[in-house]
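Counting convention: from 1, in listed order, for ligands and their atoms alike. We use all heavy atoms of the structure for the numbers below, so side chains are in, but hydrogens, waters and symmetry mates are not.
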Amino acid sequence: MNPASFDPDDEQLDGLLASARELIIGSVDNRAGRPVRAPRTGEELVDELLADRPGDPVELDAAMTVIRDILATGTDNAAAGDLAYIPGSGLISSGIADLIAAATNRYTGLAGPNPAAVALEAGVLAWLTELFELPDGSQATLVSGGSIANMNALVAAREKHAPGAVQKATIYVGEHAHASVAKSARIVGVHPDHVRVCASLDGLRVDPEAVRVAVKDDVADGLIPMAVVAAAGTTNAGTVDPLVDLAGLCRDLGVWFHVDAAYGGFFQLTDRGRRRLRGIEQADSITLDPHKSLFLPFGTGALLVRDGDDLRRAFADHADYLRDMPSRAELPDFSDLTPELSREWRGLRLWLPLKLHGVEAFRAALDDKLDLAALAYRELDEASGVEVLHPPELSIVSFRVDGDDAAQDRALAEINRTGDVRLSSTVIGGQVMLRLAVLSHRTDEATVTTAVHRIRAVAGGQVQ
Ligand SMILES: *Cc1c(COP(=O)(O)O)cnc(C)c1O
């Protein structure tokens with residue numbers, strides 16, 4: 001590169017693209033067969049990088065070597081064997097879309113400057129609201145992840161039900177609600193003591209009656225019930241709260257009904273998933289994470305809202321310096337719908353993979369994940385020394401091996417030791433549980449079989 005010129009000539013641009021191409025191809029090549037955890041931990045590299053500061057220009061190769069070295073360490077969430085937490089597999093077609101969006105750098109915070117780019121995104125967003133059968137006037141937005149989607153939903157709920165009175169606002173969650181819900185409540189100003197954790201039906205799903213009683217008590221105490229947050233796919237166990245009952249309850253009580261479907265939402269594409277998520281179409285808002293169950297790279301969450309005006313009330317603002325940016329009425333100004341003003345052409349990262357692979361490919365892949373989780377459940381249910389919590393509602397199987405909590409931790413370390421598969425643990429009902437989450441698009445029957453073999457061997461004491 002000519003350091004004096006920010007704009008490379010053709011040859012320099014070719015050089016940049018060729019290095020990026022080589023690096024990307026190297027990183028996706030044989031990814032399915034790679035270990036989840038690289039053999040190198042990269043401790044020394046971390047020390048070096050912490051001490052590194054930008055200064056005089058370096059050669060392109062030297063810079064690329066640093067990136068390559070980093071990628072040779074750490075955890076590859078995109079490996080087939082990643083069955084921990086909520087795996088994120090990162091479709092390469094979406095990554096390339098991102099590269100294009102960043103390299104072409106079209107502004108999409110308002111529709112005026114790039115109406116066609118915004119229209120492309122609006123088309124994908126309409127597909128999302130239609131998938132969840134939301135009515136005309138509903139509005140989806142793309143954000144960086146499920147946490148921010150949950151936060152934006154609570155801002156909308158606050159502005160509708162408790163404007164100027166957030167100190168009296170309360171929200172209702174189940175014991176397995178994702179931590180980001182309580183965090184969002186805190187950010188939007190809800191007092192931490194006003195986050196009501198309601199009892200469960202079966203230790204796993206929130207009891208609508210418990211929610212009803214809590215809401216009534218709070219109303220009697222002069223508080224303002226602001227939102228009920230249901231989980232459509234808990235992170236702990238992949239279970240779905242009773243959405244139909246909760247939707248009815250929220251309608252009766254006049255409370256905002258938010259469904260956190262960050263993990264489970266896109267199972268709506270499958271017949272089985274749609275049945276399990278029934279009631280989600282009655283939500284006031286829905287959190288989705290395309291970077292989970294749509295296999296996209298990290299950085300893509302979505303919030304769907306039944307009435308787009310609720311988002312505009314929460315986020316639209318007037319700025320004198322934007323007065324000369326008119327646009328067509330049917331195009332959304334994204335800055336009126338989220339806290340952001342400037343933003344990249346985010347829609348491209350959904351549009352390109354959906355166009356190139358087609359919706360049916362995603363449906364089939366998600367259906368396959370449900371089958372694989374059912375397979376893992378059956379195999380583990382038959383294994384001696386393993387107790388499985390319940391048949392999976394979506395694609396997470398929770399289980400224990402014989403022994404106390406410390407035995408679970410030892411078993412997990414042993415299962416994960418070779419790095420070809422990676423599971424994680426949680427606490428359910430006061431007990432440590434191991435969990436196997438099938439969500440990477442690369443996870444297949446061979447992966448699940450490998451994992452089950454390791455679990456059986458560890459549970460049977462054949463591996464010390
Ligand atoms: C992952 C997850 C979140 C948080 O989403 P991020 O994209 O990690 O911010 C929220 N809720 C549930 C149920 C999740 O699984």
Side-chain angles (χ1 to χ4, degrees), residues 75 77-78 82-91 94 128 132 140-155 157 171-188 195 197 200 204-206 227-243 246 257-268 273 276-277 280 283 285-304 338-340 346 349-350 366 369 373 392-398 424-428 433 435-440:
T75 306
N77 301 85
D82 194 9
L83 305 165
Y85 313 101
I86 306 288
S89 48
L91 288 180
S94 182
L128 287 177
F132 288 88
T141 54
L142 296 180
V143 294
S144 59
S147 301
I148 300 298
N150 282 339
M151 181 187 81
N152 288 355
L154 290 186
V155 175
I171 72 161
Y172 306 82
V173 299
E175 59 174 313
H176 297 288
H178 192 269
S180 63
V181 178
K183 189 185 198 177
S184 296
R186 194 166 77 226
I187 296 169
V188 307
V195 178
V197 181
S200 301
L204 293 167
R205 297 171 309 133
V206 72
V228 171
V229 180
T234 59
T235 316
N236 271 347
T239 48
V240 180
D241 283 332
L243 303 179
L246 289 168
F257 182 39
H258 177 63
V259 179
D260 178 2
Y263 150 64
F266 285 99
F267 285 104
Q268 177 82 349
R276 282 164 205 168
L277 297 177
I280 198 169
S285 53
I286 302 169
T287 285
L288 301 173
D289 250 346
H291 66 205
K292 290 176 177 168
S293 42
L294 209 58
F295 316 125
L296 300 195
F298 294 129
T300 325
L303 178 65
L304 280 49
T338 76
E340 295 173 302
R346 203 167 286 162
R349 47 166 49 217
L350 271 96
L366 286 163
K369 303 305 150 203
E393 273 192 84
L394 296 171
S395 69
I396 297 174
V397 181
S398 310
S424 61
S425 67
T426 187
V427 175
I428 297 178
M433 285 276 167
R435 53 195 282 300
L436 182 156
V438 183
L439 203 63
S440 167

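The shortest side-chain heavy-atom distance between Ile286 and Ile280 falls under the 4.5 Å cut-off. Two residues are said to be in side-chain contact when any heavy atoms from C-beta on lie closer than 4.5 Å; Thr235 and Thr426 fail this criterion. Here the side chains of Ile428 and His176 are in contact, with some heavy-atom distance below 4.5 Å. When side chains are defined from C-beta on, Ile86 counts as touching Ile396, because their heavy atoms get closer than 4.5 Å.
Heavy-atom proximity to Gly233, at under 4.0 Å, picks out these atoms of ligand 1: 13 (C). Close contacts between ligand 1 and Ser147 involve ligand atoms 4 (C), 5 (O), 6 (P), 9 (O) [criterion: under 4.0 Å to a heavy atom]. The Tyr263 neighbourhood of ligand 1 comprises atoms 15 (O), with distances under 4.0 Å to a heavy atom of that residue. The Ala262 neighbourhood of ligand 1 comprises atoms 2 (C), 3 (C), 10 (C), 11 (N), 12 (C), 14 (C), with distances under 4.0 Å to a heavy atom of that residue. Within ligand 1, counting atoms from 1 as listed, the ones closer than 4.0 Å to a heavy atom of Asp260 are 10 (C), 11 (N), 12 (C), 13 (C).
Shortest contact from atom 7 (O) of ligand 1 to any protein heavy atom: Asp289 OD2, 2.6 Å. For atom 1 (C) of ligand 1, the nearest non-hydrogen atom of the protein is Lys292 NZ, 1.3 Å.
Under 4.0 angstrom from ligand 1, the non-hydrogen atoms of Ser180 all belong to its side chain.
The CG atom of Leu128 lies 5.0 Å from the CZ atom of Phe266; values are rounded to the nearest 0.5 Å.
Looking at ligand 1, you'll find an N or O of Gly146 within less than 3.5 Å of one of its N or O atoms.
Using a 3.5 Å distance cut-off with no hydrogens or angles, the side chains of Ser180 and Asn150 do pair a donor with an acceptor.
In this structure, Arg349 contributes its side chain and Pro297 its backbone to a donor-acceptor pair below 3.5 Å.
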